[in-house]
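Some notes on the structure that comes next.
Letters go in sequence order (proteins before strands), and every chain restarts at 1. All values below come from the heavy atoms of this structure, side chains included, with hydrogens, waters and symmetry mates left out.
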Amino acid sequence: QSEIRIAHVYSKTGPLEAYGKQTQAGLMMGLNYATGGTMAVAGKKLVVIERDDQGKPDLGKSLLAAAYSDDKADIAVGPTSSGVALAMLPVAEEYKKILLVEPAVADAITGDKWNKYIFRTGRNSSQDAISNAVATDKEGVTVATLAQDYAFGRDGVKAFKDALKHAKIVHEEYLPQTTTDFTAGIQRVVDALKDKPGRKAIEVIWAGGTPPFNALAAQDLKKRYGIEVFTGGNILPAMASYKNFPGMEGATYYYFGIPKNPVNDALVAMHYKQFKTPPDFFTAGGFSAAMALVTALKATNGETGTHKLIKAMEGMSFETPKGKMTFRREDHQALQSMYHFRIKDDPAFAWGVPELVREIKPDEMQVPIRNKR
Amino acid sequence: MLNRLLSGDYPRSRVLAAILVAIFVGLLLAPFLFPGIKALNVAAKVLVFVVLVASFDLLLGYTGIVSFAHTMFFGIGAYGIAIATTRMGATWGALATGTGGALLLSLLLSLAVGLFSLRVRAIFFAMITLAVAAAFQTLASQLSGLTGGEDGLTFRVPEVLLPSFEPFEEPFLGVSIDGRLISYYLLFVLAVTLVLALLRIVNSPFGRVLQAIRENEFRAEAIGYRVVVYRTLSSVLSALFATLAGCMLAIWLRYNGPDTSLSFEVMMDVLLIVVIGGMGTLYGAAIGAVLFLVAQSYLQDLLRLGSEAAAGLPWLAALLSPDRWLLWLGLLFVLSVYYFPTGVVGRLRSR
Amino acid sequence: MSSSNDDLLTLNGVHTHIGAYHILHGVDLAVPRGELTMLLGRNGAGKTTLLRTIMGLWRASQGSVRFAGQDITPLATPQIARLNIAYVPENMGIFADLTVQENLLLAARSARHAAQMDEARLQWIFQLFPAVEKFWRHPAGKLSGGQKQMLAVARAIVEPRDLLIVDEPSKGLAPAIIDNMIDAFAQLKRGGATLLLVEQNLDFARRLGDGVAVMDNGRVVHAGRMAALAQDAALQQSLLGLSL
Amino acid sequence: MTARDLDWKPLALVPLLALLVLPFVGSASTWLTLTVAGLAMGMIIFIIASGLTLVFGLMDVLNFGHGVFIALGAFVATSVLGAMGDWTASAELWRNLVAVLPAMVVAMLVAGAVGLAFERFIVRPVYGQHLKQILITMGGMIIGEELIKVIWGPQQIPLPLPAGMRGSLLVGDAAIEKYRLIAVVVGLAVFALLAWTLARTKVGLLIRAGVQDREMVESLGYRIRRLFVGVFVVGSALAGLGGVMWGLYQQSVVPQMGAQVNILIFIVIIIGGLGSTSGALIGALLVGLMANYTGFLLPKVALFSNIALMVAILLWRPQGLFPVTNR
Amino acid sequence: MLVTENLTIRFGGHVAVDGVSCSFEPGTLTAIVGPNGAGKTTYFNLISGQLKASSGRVLLGGRELTGLPASARTRAGLGRAFQLTNLFPSLSVLENVRLAVQATQRGAHQRGLNLWSVWSDHRQLADRAAAILESVALLGRADSPVASLPHGDQRKLEVALLMALEPQVYMFDEPTAGMSHDEAPVILDLIRRLKQDRSKTILLVEHKMDVVRELADRIVVLTNGQLVADGEPAEVMASSVVQEAYLGRRAQEAA
Ligand SMILES: Nc1ncnc2c1ncn2[C@@H]1O[C@H](COP(=O)(O)OP(=O)(O)OP(=O)(O)O)[C@@H](O)[C@H]1O
Ligand SMILES: Nc1ncnc2c1ncn2[C@@H]1O[C@H](COP(=O)(O)OP(=O)(O)OP(=O)(O)O)[C@@H](O)[C@H]1O
Ligand SMILES: [Mg+2]
Ligand SMILES: [Mg+2]
């Protein structure tokens, strides 16, 4: 066999189409970069099979099965959405083949739904929340959280809360994912915070949809009540609304201007060359996944036997646009740096530019291990 | 014999009969005729949808009730299996409990919805069911402790139905006999039985009264049929069959989530299949389901070929890109309404 | 049949198909200007189909319809109506959701709102059909069968028209109202209007008709003067199966 | 619509609801914030729903594709406003308006033009057939959404609010977003125009009559087809305008935005009574208020507030607030 | 015996049927006449249950029907043909009648609630339906969809449905309106035959005076929702109320 077949199952279409496409672009660039442009490891050609899960878990599940069996994929990457990922996990176990999860974030993927064929280069919700806690957590700060009312939002708030050491949480507000009018929710948060002494902060944990930033900005809370807004990073178009919050702090997974290392330089250069735009959140993720794959395959010298690969990957460190990542032995989650940022409103950019305050190293974050082996 | 099975409702067109036989044989031998996981998945989905669409046709085509809440019952069935097996483990008892519980819930809900349908006018009713279905979906994702929320539930079914169950060493006719195959044939038997049962119902005296109600409710009442009773009964029956279709889906997928069985998208697919196949004839459900699901499943592959062929013309390639498969599906919606105003079955019968 | 210049409406060899069915088999008919022509015939003879064909609601597959010298066969229904023709269909075509007033307002093409309708003419209508006035602001769907029929005819005469085509005007009306209607049609005729009526009520037909055409099986099988038919019992028997 | 005995009960619902919750909210300034924001939100909802009162309410076309015109309007606005960066970035309101007005006009023109094609190819064959309307317009919706993706890409596009329209006015302790006030003005203008046209001309009557008996309307000499085309185009253009307003409110647009508001606007039209402009306005205001009140008092229930509202109204008046037609 | 006591219905302020008390004996044909909008159809609607009375009672053979829905009254023996044709348009002529025949069968098994037998096995229903079509001269069109029938034939089918119900009380609302003069006799013959079966109660609303004169045993006059005259045909026709309000000028001239 002179080929290594990699199935990439992701949202080519569906609500997360834009995210999925970033991952795919990053993955291809990453494979290219990691193989020095040959797209081969140990003389075996890397073949990427793309499959579109349309954001539907049932479809993702059957596509993955078909990829492992009909398409003879040796290894699979993806998917974009957590729901799809969770449905896919048992398929990897059934076929005894590796699924490298990127960028689905749910904790359960490397938590209680995990099996030994699952690895993840993407960050999980806990990593997000903990790093954000690090950015917010100061003595005397009073915090209210504002999150979407579903598993992602509630888990995020819980992880955030667990990670806070100094600041105090006084209110948790959960709003429907489809909220369009934030007046009531913000009013409740403000009512909870406005009379508190010291620094007051709203921590926003929001993914996709319409985030509440414009509504928060319009209320002018800083001036009226001295309430600040904190949040994590996001894709570039979504960060347009950050322009209203110069000085806003938080922690992000990736922003192309932040990491300083040769891999990131290469990614940014390649991306500008190919698309005339900087790489985004999910491009970096796809790139990291590719780096992990090639590093592992090099270690097995191109062998795709699942047990060999697992052995090579457990505890493996690899270079990514975010610096070095390591698959934790226990749950196969890649531990990685996060970035504490502060927003600057730079007219040259259409989005609020996150400037690095501090890199939060993996060992600073006690990311809990939640799986059972 | 055949007359009894088909309840005297023959295809009444030679071509139609030939197509139906082909579909039956194709589904019966699918694992052997079309190898591969993907093909088997498509065939299984066809089986589920034939039942689902046929049950919807009882409501829409025969009784003339437009409801968008049909997938709600489909979802209840699927969740019934999912929740029961998650809680009770992968046993036959769990499957039975899940199915039974789901049927009971569907019965109660459909009674409520059915009775409400008499209070308001048809178009209002349609819109209300649209909203109710949306609310139910929201509710399902909110009750994450029970339903797994947005992420849904992944679960196991009894050993015999799992792909890992391989009773025979040797493959049979080049196909290895495993739990997946067994579960496919379970679905097949269920689907055939349920569709024949529905066929019997629509061709019974009861079925004719439903048609009369569809045509002129006022007059049906005037000649002595209690419309409330018939409409409610029809709602309930159709909901129960949809619930069973949902159970079939869950057994096959071993997964269920709000998007899989409750989404408006599924509802639209069902509607389109009814219309493509031909409203008010159950054979249409079978033909429509095959046409639509095969088109839906292989459209992207087809487009991939198309866009490669059109690589020279960038804008055409952009339109033919597999990523824009929905565009073509939309076109399918439009064209099928244009060209099959009475559905495939109506077309064939009027020749 | 020869058509003279005095004919407002002439049909020549009109064939009409509805779907796969061939309904009219070459109808010839002339409706003289200023006269009232009665169209008679048994159920299913094709009378309604003929009127609908004149109005462009069914398309003639062969033959021509001419109105005031103009070939109107290819015209669309609104264009035909705007040649100043009023039509009352067999099912009355009442807009059940609209009030009686709104129904009439729509028929009064020149009025942009209710206040602009011709008051004198309305009074005349009220006097003919008291129900129209009584239920002026009520939804027309709530009227009784006969009241709907009155409204349908009222709509046709709310403005002066050159040609009035009415499918069974007397259906469901009480005798007193039928009298009023006979008066109304007579007055309209005196005012210069031409009328083409389908009728089953032979008494009505006899009292009002100038000319008469009898249809059977999609053809006009007899055309002539009403008076002549009224006197010829044998002809009546052979055409209509009874005597007047 | 004749101005016979004014039906005041539905009108009273809005103040009634507002007063009813006052004691529960407690703080007057909070109540004011919620109420004003809710009313203004209602106005925005009314604008996006206004086109549908014509198309669904009056013409009885169950247009599931209506949302695509909303999305289209919003996307056109991103292009137009994107080309006028200087004017939108200015903090002076009049310069902003000069930028937003052409965006609205172009959005309405484009949406109207596409509506013309939509009517011709999608809707015309299925007048009077609800089921087919649902399917075919659903198909139209999918096609439209995909074409938007082909033209503008699948990703979210920011549509920043012009600088001068951002921020809030403070009334005591209550904050009122400036943009919502603008929405109120636009909404009232749309309402006045629609209400005037439908009450003062025969258009409304003709549409209703045409829905009931097309042939009869034609026999009375009206070119109903042309009228329907015109009304559909106007409905689409209004949806385009709604899209601009909605996009600016959210400050970003995604191709799916049309589908996202579909159910909401259907609910508003139904509450209003199918085809009544005033009904739709009141329905929209109630929906806007209800969302804020329940969001503040009972956030868990907020998700279902629209549906609860609709069911309650239909139990009270099974035909909606101001039934226009007998459908 | 069919009895109405003080039957009244209001629509808003308008009283369409105003305290009508009347009883109808088996074996008689009662014609109900009156100007358009007098309340004849509404009176029928109240008796057969299409409308709910504001006050008053309906009794059939001593049994109270007032609160029952239309379907139950039909099963209790009230049959009704409508003034404005009201059929199952896309079903065939035969199926229309067969549905009515089926509705009269005793027991759920035969009627509509049987889900598990095959409809076409119930041959006797189809035979009965065909016989009824024969009697109204419509058998030739048994397989046509109703929507394609000419108006007159639809009127006949309307009557056929009533015949199929075989009720104790027959209510005809202008059965011959729109029927040509060589077709109407078929229907009138039917009614005459019903009359000969002395056990049936027949109510007939009709504007054609010659028909009324020929068929009626008794005439009841409604105007403005009120019963204003009731009696022998000759006597009622001659009364001044009827002359003025109903028959109009011509009848007076003739008189
Ligand atoms: N929509 C239709 N489809 C098929 N056939 C039709 C349709 N409408 C009418 N016909 C047929 O056309 C023939 C003529 O019908 P038409 O309605 O013109 O008769 P008519 O003379 O007006 O009868 P009546 O006096 O009963 O109103 C009839 O045989 C009828 O069955
Ligand atoms: N649902 C209703 N709402 C309001 N008014 C009604 C309703 N139904 C009937 N009416 C009114 O009641 C009166 C009686 O109507 P009905 O149909 O009983 O008259 P009718 O005697 O049968 O007349 P016709 O001889 O014209 O058929 C009419 O004035 C009518 O407008
Ligand atoms: Mg006719
Ligand atoms: Mg009547």
Do other residues, nucleotides or ligands put more than 12 heavy atoms under 6.0 Å from [X] [atom1]?
X        : atom1 : result
A:Tyr272 : OH    : yes
D:Lys178 : NZ    : yes
A:Lys161 : NZ    : no
A:Arg154 : CZ    : yes

Looking only at heavy atoms, what is the nearest atom pair of [X] and [Y], with distance?
X        : Y        : value
D:Phe296 : A:Arg188 : O-NH1, 2.7 Å
A:Pro237 : D:Pro158 : O-CG, 3.8 Å
D:Gly295 : A:Ala184 : C-CB, 3.6 Å
A:Phe182 : D:Tyr249 : N-OH, 4.3 Å

Pick whichever of A:Leu175, A:Ile186, A:Asp191, A:Thr13 has the most heavy-atom pairs under 4.5 Å with chain D. A:Asp191

Under 4.5 Å heavy-atom distance to chain A, tell me which part of [X] shows up: side chain, backbone, both or neither.
X        : value
D:Thr30  : both
D:Lys300 : side chain
D:Gln256 : side chain
D:Glu177 : side chain

Partners meeting ring-ring contact (aromatic ring centres under 6.0 Å, His included) with D:Phe266 (sequence neighbours left out):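 Partners of D:Phe266 by the ring-ring contact (aromatic ring centres under 6.0 Å, His included) criterion, ordered by chain and then number, come out as D:Phe56, D:Phe64.
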
Most heavy-atom pairs under 4.5 angstrom with chain A, which of D:Leu161, D:Asp173, D:Ile157, D:Thr294?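 Between D:Leu161, D:Asp173, D:Ile157, D:Thr294, the count favours D:Asp173.
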
Do you know which of D:Gln260, D:Gln251, D:Met257, D:Gln156 has the most heavy-atom pairs under 4.5 Å to chain A?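 Counting heavy-atom pairs under 4.5 Å, the top option is D:Gln251.
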
Identify which part of A:Phe213 has an atom lying under 4.5 Å from any heavy atom of chain D, answering side chain, backbone, both or neither.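 For A:Phe213, no heavy atom lies under 4.5 Å from chain D.
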
Can you tell which part of A:Thr180 gets under 4.5 Å to a heavy atom of chain D, answering side chain, backbone, both or neither?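 Both parts, heavy atoms under 4.5 Å.
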
Which residue pairs satisfy the side chain to side chain donor-acceptor pair (under 3.5 Å) criterion with at least one member in residues 142-155 of chain D, sequence neighbours excluded?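 For residues 142-155 of chain D: B:Arg324-D:Glu146, D:Ser79-D:Trp152, D:Glu146-D:Lys149.
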
Which value, rounded to the nearest 0.5 Å, describes the distance between A:Gln187 atom CD and D:Thr33 atom OG1?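 A:Gln187 CD to D:Thr33 OG1: 4.5 Å, rounded to 0.5 Å.
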
Sub-4.5 Å heavy-atom contacts with chain D: which residues of residues 214-230 of chain A show up? A:Asn214, A:Ala218, A:Gln219, A:Arg224, A:Tyr225

Identify every side-chain donor-acceptor pair in residues 35-51 of chain D under 3.5 Å, counting partners at least two apart or on other chains, and give the distances.
| from | atom 1 | to | atom 2 | distance (Å) |
| --- | --- | --- | --- | --- |
| D:Thr35 | OG1 | D:Trp31 | O | 2.6 |
| D:Thr35 | OG1 | D:Tyr293 | OH | 2.8 |
| D:Ser50 | OG | D:Ile47 | O | 2.8 |

